[in-house]
Amino acid sequence: MTRKIFFYNTLTKKKEEFAPLKEGEAGMYVCGITPYDYTHLGHGRCYVVFDAIRKFLKSAGYKVKFVQNFTDIDDKIIARAAEKNTDCLTLSGKFIDEYYTDIRRLGVDDADVSPKVSEHIDGIIEAVSKLMEKGFAYEIDGSVYYRIGKFPDYGKLSGRNTADIKPGARVEVDKEKESPLDFAVWKKSAEGEPGWDSPWGKGRPGWHIECSVMSAKYLGQTLDIHAGGQDLVFPHHENEIAQSEAITGKPFSRFWLHNGFVTINKEKMSKSLNNFFTLRDIYKKFSPQAVRFFLLSQHYRSPIDFSEDALSDAERTLERVNRAFEEKPQQDETGEARLSAEKIYEDFMSALADDFNTSAAFASFFALVKLFNQTKSSAVLKKAEDMDAILGFLKLEKKEKKLLISEDEIQRMIEKRIAAKKSRDYASADRIRQELLEKGVVIEDTPSGVKWRLK
RNA sequence: GGCGCGGUACCCAAGUGGCUAAGGGAGAAGUCUGCAAAACUUCCAUCCGUCGGUUCGAAUCCGACCCGUGCCUCCA
């Protein structure tokens with residue numbers, strides 16, 4: 001398996017050939033959610049995209065270890081728990097469960113390891129101590145801050161230099177810090193807030209430190225791939241780099257992959273614009289199959305505009321795809337179909353190997369759908385399944401169709417229509433067909449008899 | 001103010017120096033059918049925001065401009 005794979009690396013701002021540290025093995029760390037609310041479509045995109053990339057690497061012959069964390073200690077969780085009169089771990093536990101419920105329906109496989117911050121406090125305290133020992137962090141009144149000035153590479157991921165950052169433009173500057181850009185790696189707990197004992201008193205981890213600690217624990221000090229949404233580039237990933245590289249003196253991650261936003265009317269989904277959609281709300285109108293298909297239909301780094309029309313298009317397309325693969329494949333091969341299918345599959349993999357170009361790969365997928373319709377070849381079907389091992393939407397929940405009429409009733413009408421056709425009473429036959437259509441039942445006269453399906 | 005991304009047919013969207021500008025949806029015609037449906041076949045951008053430039057050759061490179069949008073704040 002020596003297929004060359006290229007990914008656009010945010011760190012170098014170039015497409016680069018993917019080469020993991022260990023031949024044939026890839027370690028992937030994807031920043032997970034902060035579980036204080038329901039999973040939304042933006043999360044859905046991120047986790048579907050990196051799930052598909054994980055599956056692609058496997059199909060390309062890599063052994064993949066996939067780690068995705070839960071940041072279950074956080075200011076937003078504390079605030080929400082207080083609001084709901086519950087404790088943080090109960091709240092975060094609930095939303096972790098809800099996350100799994102919603103995301104699995106999109107065909108996203110569970111991570112190999114799903115570490116939680118609350119279970120890695122010792123490691124975090126150790127890391128903070130190390131940062132202090134090395135002079136990369138300092139304590140003020142029970143909180144510990146990272147000293148940006150000590151890390152000359154700061155800004156290398158997000159492409160900004162510290163002088164360009166306008167601190168205090170919109171966030172309040174803590175005057176006690178040495179530099180406004182310094183960020184907390186350990187936060188003192190206020191009265192009534194959850195906390196853990198530490199050399200600096202009772203406190204909790206700062207936002208970025210958990211990923212530095214947990215990724216190293218499960219994947220080693222240098223990751224092959226670190227991924228997440230584009231909004232994490234700054235400051236989250238920038239700060240992770242500062243922490244990890246200060247501690248280990250080694251490159252934190254070889255590849256940084258970031259997915260683009262989901263937008264609504266071209267604007268980023270955000271709570272302030274009130275244009276947020278949770279996955280479970282979307283499932284009320286659209287199938288998980290269509291959602292996954294939609295999310296993969298465009299290149300992962302571009303913004304993707306969510307709309308009902310776009311999802312309806314996806315449903316319509318899948319209608320055709322699903323219908324094709326409901327047909328029974330035929331074993332007898334001339335070999336010709338198999339060869340064509342292999343060629344198409346090769347194009348498919350090449351497209352994905354070029355910075356995971358799913359749009360181009362979809363063209364191959366549709367070529368295969370057509371080939372299957374033409375040949376019904378089992379070899380073609382096999383290749384479609386191979387593609388779906390990466391794309392992963394064929395077996396997901398399909399669009400729900402409601403039966404407005406009993407099956408018995410449908411059968412009765414079909415028989416009446418057959419009788420009408422036999423006696424060449426086409427007017428009656430067409431009238432029956434029209435009646436069924438109005439009830440959402442489509443009649444097809446095929447060589448193998450009359451078939452019906454829901455519209 | 002600093003740093004980015006994007007403008008390709010009715011809609012969505014690949015392509016980023018060179019045969020006829022992928023694919024999907026919608027639309028049109030044909031084959032099949034009593035008629036349909038499905039499927040298949042064919043058609044659907046002399047043209048890629050605008051204006052200049054480089055080049056034998058550009059949607060693809062360079063410059064200017066217009067428009068949209070993101071980050072610099074929590075965010076996938």
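Chain A is the first sequence line, chain B the second, and so forth, proteins listed ahead of strands; every chain is numbered from 1.
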Is there a side-chain contact between [X] and the phosphate of [N], meaning an N or O under 4.0 Å from OP1 or OP2?
X      : N     : value
A:K13  : B:G4  : no
A:K370 : B:G23 : no
A:Q374 : B:U41 : yes
A:N373 : B:C40 : yes
A:T263 : B:G6  : no
A:R301 : B:C5  : no

Considering only atom [atom1], compute the distance from [N] to [M] and round it to an integer number of Å.
N     : M     : atom1 : result
B:G4  : B:G25 : P     : 39 Å
B:G2  : B:U46 : P     : 39 Å
B:U42 : B:G57 : P     : 35 Å
B:G17 : B:G27 : C1'   : 34 Å
B:G15 : B:G49 : P     : 15 Å
B:A36 : B:G30 : C1'   : 16 Å
B:G53 : B:C12 : C1'   : 33 Å
B:A38 : B:A29 : P     : 14 Å

Once you apply the 3.5 Å cut-off to both distances, tell me the Watson-Crick or G-U wobble partner of [N], or none.
N     : result
B:C19 : none
B:U46 : none
B:G52 : B:C62
B:C74 : none
B:C5  : B:G68
B:A38 : none
B:A14 : none

From [atom1] of [X] over to [atom2] of [N], roughly how many Å is that when rounded to an integer?
X      : N     : atom1 : atom2 : answer
A:L437 : B:A38 : CG    : C1'   : 14 Å
A:H237 : B:U73 : NE2   : P     : 17 Å
A:I304 : B:C5  : CD1   : C1'   : 16 Å

N-O pairing of A:E346 and A:R3 below 4.0 Å:
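The answer is yes: the pair qualifies as a salt bridge.
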
Under 4.0 Å between a Lys/Arg side-chain N and an Asp/Glu carboxylate O for A:K116 and A:D72?
no

I'd like to know if A:R433 reaches the base of B:C35 with its side chain, counting only an N/O donor and acceptor under 3.5 Å.
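When only heavy-atom distances are counted, A:R433 does reach the base of B:C35 through a donor-acceptor pair under 3.5 Å.
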
Would the base of B:G34 count as contacting A:D430 through its side chain, where contact means a donor and an acceptor less than 3.5 Å apart?
yes

Pick from A:F7, A:F356, A:F56, A:Y8: which one makes a ring pair (Phe, Tyr, Trp, His ring centres under 6.0 Å) with A:F18?
A:F7

Tell me what [X] touches on the nucleic acid: a base, only sugar-phosphate, or nothing, going by heavy atoms under 4.0 Å.
X      : value
A:K76  : sugar-phosphate
A:L41  : nothing
A:S302 : sugar-phosphate

Tell me whether A:R54 forms a cation-pi arrangement with A:F66, defined as NZ or CZ under 6.0 Å from the six-membered ring centre and within 45 degrees of its axis.
yes

Could you check whether A:K15 makes a cation-pi contact with A:F6, meaning its NZ or CZ is under 6.0 Å from the centre of the six-membered ring and within 45° of the ring axis?
no

[X] side-chain proximity, nearest of [options]:
X      : options             : answer
A:H40  : B:A38, B:A14, B:A76 : B:A76
A:D445 : B:G24, B:A14, B:C35 : B:C35
A:D231 : B:G15, B:G2, B:A76  : B:A76
A:D313 : B:G24, B:U41, B:A14 : B:G24
A:F261 : B:G34, B:G70, B:C74 : B:G70
A:H43  : B:A76, B:G25, B:C40 : B:A76
A:R316 : B:G25, B:A38, B:C71 : B:G25
A:F366 : B:C72, B:G23, B:A76 : B:G23
A:A429 : B:G34, B:C71, B:G25 : B:G34

So, [X] versus [Y]: side-chain donor-acceptor pair below 3.5 Å or not?
X      : Y      : result
A:D430 : A:S428 : no
A:Q434 : A:E438 : yes
A:S287 : A:E315 : yes

